[in-house]
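Everything on this sheet refers to the single structure shown next.
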Amino acid sequence: TTPTGVSRVNAPANLNKGTGIGVAVIDTGINLTHPDLQANIIANKSCIRGKKTGNDDNGHGSHVAGTIAAVNNGIGVVGAAPETKLVAVKVLNSAGSGTWSTVICGIDWVTAKAGTFNIKIANMSLGGGGSSDNNCGNTNNDALHKAICKSTTAGITYTVAAGNSGADASTFVPAAYDDTVQVNEPMRERAL
């Protein structure tokens, strides 16, 4: 089936299905054996201590990955770009929590592997309190902002959650980094 959100972006009518494009899901990982996702997963990485792979033990990252690239296999749902190649980057634990250092670990890995896996887009449906200096973190020494700016300079577009609280997105990072990221609709965002 086509989920309502995928229909709203008119994905079924779009001829571009994401063929060959790598999308990194920087989140709780992706269920590496899920029948709607497995065929599209080309790499995985864990930045969580004690976890060797990017396998999702929470469900949030798999939900995000399904919205992006669930394959059209006659079961379950189909994603907005079902031929996209997924890169699972686990930066949040089984409770959906993490630190900025684990998130930065994931961002830096994606930047380093962009050429290897043709990563053009990274999704981060996560966030926490903060603001932007509108100078890639160089004025306020914001390591997260610096890492995202380095990654966008490498050619990766970041889509991030706007937040679920209804508050001004300028008080949440990475959404506040309007010099660096594209803000999307809130999608069960995980707070740090």
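In this chain, numbering begins with 1 at the start of the sequence shown. All values below were derived from every heavy atom in this structure, side-chain atoms included, with hydrogens, water molecules and symmetry-related copies excluded.
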Donor-acceptor pair, side chain of Asn31 and main chain of Ser62, under 3.5 angstrom: no

Side-chain donor or acceptor of Asn135 paired with backbone N/O of Asn138 under 3.5 Å: no

Nearest-0.5 Å distance, CG of residue Asn134 to OG of residue Ser132: 4.0 Å

Evaluation steps, side chain to side chain contact (heavy atoms under 4.5 Å, CB included), between Val181 and Thr159: CA-CA 6 Å; Val181 301; Thr159 61; over 6 Å; no

Atom pair CH2 (Trp100) and CG (Asp142), whose distance is rounded to the nearest 0.5 Å: 8.5 Å

CA sep, side-chain torsions, deciding dist, call: Lys90, Asp57, salt bridge (Lys or Arg N to Asp or Glu O under 4.0 Å): CA-CA 10 Å; Lys90 184 173 184 58; Asp57 52 7; 2.7 Å; yes

Lys150 atom NZ: more than 12 heavy-atom contacts under 6.0 Å: no

Whether Thr67 side chain and His63 backbone form a donor-acceptor pair below 3.5 Å: yes

Flag, side chain of Asn40 to backbone of Leu86, donor-acceptor distance under 3.5 Å: no

Smallest separation among heavy atoms of Val89 and Ala24, with atom names: CG2-CB, 4.4 Å

Euclidean distance, Tyr177 OH relative to Cys136 SG, rounded to 0.5 Å: 10.0 Å

Cluster link Ile26 to Trp109, ILVMFWY, side chain under 4.5 Å: yes

Side-chain heavy atoms of Leu126 within contact of Leu92, under 4.5 Å: yes

Distance in Å, His145 NE2 paired with Asp133 CG, rounded so as to fall on 0.5 Å steps: 6.0 Å

Lys51, NZ atom: more than 12 neighbouring heavy atoms under 6.0 Å: no

Donor + acceptor pair across side chains of Ser46, Asn44 (<3.5 Å): no

Side-chain touch Leu37/Val71, heavy atoms, less than 4.5 angstrom: no

Check: Asp27/Asn123 side-chain N/O donor and acceptor closer than 3.5 Å: no

Non-hydrogen side-chain atoms of Ile156 and Ile121 separated by less than 4.5 Å: no

Hphob cluster co-occupancy, Val77 + Ile30, side-chain heavy atoms under 4.5 angstrom: no

Distance in Å, Ile104 CD1 paired with Thr111 OG1, rounded so as to fall on 0.5 Å steps: 11.0 Å

From CD1 (Ile107) to OG1 (Thr152), nearest 0.5 Å: 10.5 Å

Heavy-atom side-chain contact between Val173 and Ser131 under 4.5 Å: no

Step-by-step side-chain hydrogen bond (donor to acceptor under 3.5 Å, both in side chains) determination, Asn141 to Lys146: CA-CA 8 Å; Asn141 203 28; Lys146 288 179 179 182; 2.6 Å; yes

Check: Asn58 side chain, Ser94 main-chain N or O, donor-acceptor pair, under 3.5 Å: yes

Donor-acceptor contact present, side-chain Thr84 to main-chain Ala69, <3.5 Å: no

Beyond-backbone contact of Ile148 with Pro174, side-chain heavy atoms, under 4.5 angstrom: yes

Side chains of Tyr158 and Met124 in contact at under 4.5 Å (non-hydrogen atoms): yes

Whether Ser151 side chain and Ala147 backbone form a donor-acceptor pair below 3.5 Å: no

Any donor-acceptor pair under 3.5 Å from Thr153 side chain to Cys149 backbone: yes

Flag side-chain contact, heavy atom, 4.5 Å: Lys113 against Val87: no

